[in-house]
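Here is the naming used below: chain letters follow the sequence lines, and residue numbers restart at 1 for every chain.
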There are 2 protein chains.
Amino acid sequence: MANANAFAALADPTRREVFERLARGPRSVGELAQGLPVSRPAVSQHLKVLKEAGLVTDRPEGARRVYQIDPQGLGQIRAWLDRFWEAALEAFKAEVEREDPEGTNP
Amino acid sequence: MANANAFAALADPTRREVFERLARGPRSVGELAQGLPVSRPAVSQHLKVLKEAGLVTDRPEGARRVYQIDPQGLGQIRAWLDRFWEAALEAFKAEVEREDPEGTNP
DNA sequence: CAGATTCGTAAGTTAGTACTTACTGTAAGC
DNA sequence: GCTTACAGTAAGTACTAACTTACGAATCTG
């Protein structure tokens, strides 16, 4: 499954925080680490995971390395979720009707 | 963050498998465990995590306990992802134009 | 009522992971 | 060329979590 890594990547709070900061625009590793409660190497390791999950891309910019969000991994997760969305709504609707066949609880 | 547990819940492959089986319709714990490479108590523990994440609901049915998908947690994840979707696309588009300002690579 | 199903929980083990500090490599500035 | 800034990697540690077996509680069956 292609999205396996993407879910695992976003499961970690620190990684989600990094990802949310990148959503506000491309950042270098140092900029991302600044303000976070973890060390810069930790952020580097998190970025590696996000990159392998297809959630971010990076490019060298002099001595720095700039990361930004990659829509690819995000799109895979969205596609996976959408596969269940309709089924989930139907199952939920059926359950509601099973509990309340008369529709007395609008 | 409300969706924190939902991401962590779907990060585990076994839990995703359980979730996908539930997408095909409500099942009891025993039915879910059947065919999975883990024990029934393990499935019980996974269902507990999914339930706390708002991804499934359960109801007693005699001695058995039937689980089914709950759209709530799914919707929270979808909403979270959508917050970044537009930003991600824009950032990606800007990056492509930065790499290829003339549009020579269509 | 006794035995059989079905399921959740407790306890313990093991593997994975998120973090730290220390080190190495690479690009920029004097 | 030498120093400084930036970032990835290595090694080690501590914590979490996924799993197992064993057990207890609740319900159906004969």
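D:dA18 atom C1' lies 14 Å from atom CZ of B:R16, rounded to whole Å. In this entry the distance linking CG of B:N5 with P of D:dA17 reads 10 Å, nearest Å. The CZ atom of A:R59 sits 21 Å away from the P atom of C:dT26 (whole-angstrom rounding). The interatomic distance linking A:L47 (CG) with C:dC19 (C1') rounds to 15 Å, in whole Å. Nucleotide C:dT5 holds its P atom 19 Å from the CD atom of B:E61, rounded to whole Å. For the pair A:R27 CZ and D:dC6 P, the interatomic distance rounds to 16 Å; values are reported in whole Å. With rounding to whole Å, B:K48 atom NZ is found 8 Å from C:dT9 atom C1'. We find that CG of B:L50 is positioned 14 Å from C1' of D:dA17, with the value rounded to whole Å.
OP1 or OP2 of D:dT20 sits under 4.0 Å from a side-chain N or O of B:S39. Taking side-chain N and O atoms only, A:Y67 has a distance below 4.0 Å to OP1 or OP2 of D:dG8. Considering only side-chain N and O atoms, B:S28 lies under 4.0 angstrom from the phosphate OP1 or OP2 of C:dC7. Applying the 4.0 Å criterion to OP1 and OP2 of C:dC7, one finds that B:S44 has every side-chain N and O outside that range. Distances shown here put a side-chain N or O of B:R15 below 4.0 Å from the OP1 or OP2 atom of D:dA18. The phosphate of D:dA18 (OP1 or OP2) has no side-chain N or O of B:T14 nearer than 4.0 angstrom.
The closest side-chain heavy-atom distance from A:R27 to A:Q68 is not below 4.5 Å. Between A:L22 and A:L47, the closest side-chain pair of non-hydrogen atoms falls below 4.5 Å.
Side chain A:R65 to base D:dA7: no donor-acceptor pair is found below 3.5 Å. Within 3.5 Å, a donor on the side chain of B:Q45 pairs with an acceptor on the base of D:dT20, or the reverse.
A salt bridge does not link A:R15 to A:E17: none of the charged nitrogens lies less than 4.0 Å from a carboxylate oxygen. A salt bridge does not link B:E31 to B:R21: none of the charged side-chain nitrogens sits closer than 4.0 Å to a carboxylate oxygen.
Closest heavy-atom contact between B:E52 and B:N5: O-ND2, 4.3 Å.
When distances are taken from the side chain of B:R40 to each of C:dA18, C:dC7, D:dA7, the shortest belongs to C:dC7. Side-chain proximity of A:P41 to D:dA7, D:dC19, C:dA22: nearest is C:dA22.
Between A:H46 and A:A63, the one whose closest nucleotide on DNA chain C sits nearer the 5' end is A:H46.
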